[in-house]
Amino acid sequence: MGLDLNSDVGESFGTWSFGDDARIIESVSSVNVACGFHAGDPTGIRATCGAAAAAGVSVGAHPAYRDLAGFGRRFIDVEPTDLTNDVVYQIGALQALARAAGTTVRYVKPHGALYNTIAVHEHQARAVVRAVREVDENLPLLVPPNTVIEAEARSAGLRTVAEAFADRAYTSDGGLVSRREPGAVLHSEAEVVAQVLRIATDGEVLAVDGSRVRIGAESICVHGDTPGAVAMAAAVRRALTAAGVDVGAFA
């Protein structure tokens, strides 16, 4: 069995430090690097790309709504053309910084509210797909499975990679529990490891109502901003290796 482990990184901004990118990179195979719209600045982004390059970890672009104040976690009713251009801009910026750091951008994963919105919103999903195609039609798109963005990307000829989450609770329809709800984020290392192993070996998660939900994933996200994230990511990597799962980048 093979599986990618990814994490969101590069989200520090100026004197504000966020997450421990260097140590997270030790446990994952791909990193979704902020592009400056929800978090991140050029110096930090370049340093994160350099650390990923040194570790042999794949770099992906993590574009978002233009929302520094809200960390990209608020829906914005942006015009599709503007959204396309915003995503093109962000991918291009990361491509330049990654190249300067000795690596390349190998895939795209939208961030936060944009990620959740394009799962159901056709116009914004098409805008993101258009942006990726216009930059490089060979870039895979990391998406939630069985969603609008997955269908739109496939119909446009893009490779899609289905993603699941190690540290997020699921609803009975396969969606993520809103961060506004209690229990949306799993904080127990044992719970996180158990969920990852269930996804990797059984292709399912236990929803908050106790039901079993089928979920086929090629990549699992371990959030770098969860309390105890470094230890959690290391524990997940160890557990997958012990279970005979080969952890490696999909791109």
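Note that the numbering runs from 1 along the sequence shown for the chain. Everything quoted here is computed from the prediction, not taken from an experiment.
- Using a cutoff of 4.0 Å between basic side-chain nitrogens and carboxylate oxygens, Lys109 and Asp8 are scored as salt-bridged.
- At distances below 3.5 Å, at least one donor-acceptor pair connects side-chain atoms of Thr84 with backbone N or O atoms of Ala127.
- Counting heavy-atom neighbours within 6.0 Å of Arg198 CZ, excluding the residue itself, gives a total above 12.
- Side-chain contact check for Val108 versus Leu142: every heavy-atom pair is 4.5 Å or farther apart.
- Counting heavy atoms from C-beta on, the side chains of Pro110 and Leu141 come closer than 4.5 Å.
- Between the side chain of Asp167 and the backbone N or O of His223, at least one donor-acceptor pair lies under 3.5 Å.
- Asp86 has its side chain out of reach of Tyr65: every pair of non-hydrogen atoms, C-beta onward, lies at least 4.5 Å apart.
- A distance of 10.0 Å separates NE2 of His123 from CG of Asp77, quoted to the nearest 0.5 Å.
- Taking all atoms of both residues into account, the shortest heavy-atom contact from Ala119 to Thr147 is O-CB, 3.5 Å.
- Looking at Leu83 and Val128, their side chains come closer than 4.5 Å, going by heavy atoms from C-beta outward.
- Across every non-hydrogen atom of Arg179 and Ala184, the tightest pair is CA-CB, 3.8 Å.
- Contact detail for Val222 and Ala166: the closest heavy-atom pair is CG2-CB, 3.9 Å.
- Of the listed residues (Ser219, Ser58, Ser29), just one forms a side chain to side chain donor-acceptor pair (under 3.5 Å) with Asn6, and that residue is Ser219.
- A distance of 8.5 Å separates CG in Asp246 from OG1 in Thr241, rounded to the nearest 0.5 Å.
- The side-chain heavy atoms of Leu3 and Glu218, taken from C-beta on, include no pair separated by under 4.5 Å.
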Open item on the list: Checking Leu158 against Glu152 for the side-chain contact (heavy atoms from CB on, under 4.5 Å) test, could you report, in this order, the C-alpha distance in whole Å, the side-chain angles of both residues, the deciding distance, and whether it holds?
Closed with: CA-CA 9 Å; Leu158 294 180; Glu152 291 290 340; over 6 Å; no
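- More than 12 non-hydrogen atoms from other residues, nucleotides or ligands lie less than 6.0 angstrom from CZ of Phe75.
- The main-chain N or O of Val177 is found under 3.5 Å from a side-chain atom of Arg168 such that the two form a donor-acceptor pair.
- Ile149 places a side-chain heavy atom less than 4.5 Å from the side chain of Pro144.
- Here Phe71 and Phe18 bring their ring centres to under 6.0 angstrom of each other.
- Counting only distance, with no hydrogens or angles, the side chain of Thr104 and the backbone of Arg106 share no donor-acceptor pair below 3.5 Å.
- Checking side-chain atoms of Gln195 against main-chain N and O of Ala169 turns up no donor-acceptor pair under 3.5 Å.
- Using bins of under 30°, 30° to 60° and over 60° for the plane-to-plane angle, the ring pair His62/His111 lands in the perpendicular bin.
- Of all heavy-atom pairs between Ala34 and Ala39, the closest is CB-O, 3.4 Å.
- Between Thr103 and Ala53, the shortest heavy-atom contact is CB-CB, 3.8 Å.
- Taking the six-membered ring for Trp, Tyr170 and Phe165 have ring centres at least 6.0 Å apart.
- A 4.5 Å side-chain heavy-atom check between Leu5 and Arg237 finds at least one atom pair inside the cut-off.
- Side chain of Thr117 to backbone of His121: no donor-acceptor contact under 3.5 angstrom is found.
- With hydrogens and angles disregarded, a donor-acceptor distance shorter than 3.5 Å links the side chain of Gln90 to the backbone of Ala64.
- By the 4.5 Å heavy-atom criterion applied to side chains, Val148 and Ile118 are not counted as neighbours.
- Between the side chain of Asp41 and the main chain of Gly14, a donor-acceptor pair closer than 3.5 Å is present.
- With values rounded to the nearest 0.5 angstrom, Ser7 atom OG is found 9.0 Å from Ile25 atom CD1.
- For Arg212, the CZ atom sits in a loose shell: 12 or fewer heavy atoms of surrounding residues, nucleotides or ligands are nearer than 6.0 Å.
- For the residue pair Thr160 and Val143, the shortest heavy atom distance occurs at CB-CG2, 4.0 Å.
- Ion pairing of Glu134 with Arg130 is absent here, as no side-chain N (NZ or NE/NH1/NH2) approaches a carboxylate O to less than 4.0 Å.
- If you look at Tyr107 and Phe250, their ring centroids are closer than 6.0 Å.
- Side chain of Asp202 to backbone of Glu204: no donor-acceptor contact under 3.5 angstrom is found.
- A donor-acceptor pair under 3.5 Å is formed between the side chain of Asn85 and the backbone N or O of Thr81.
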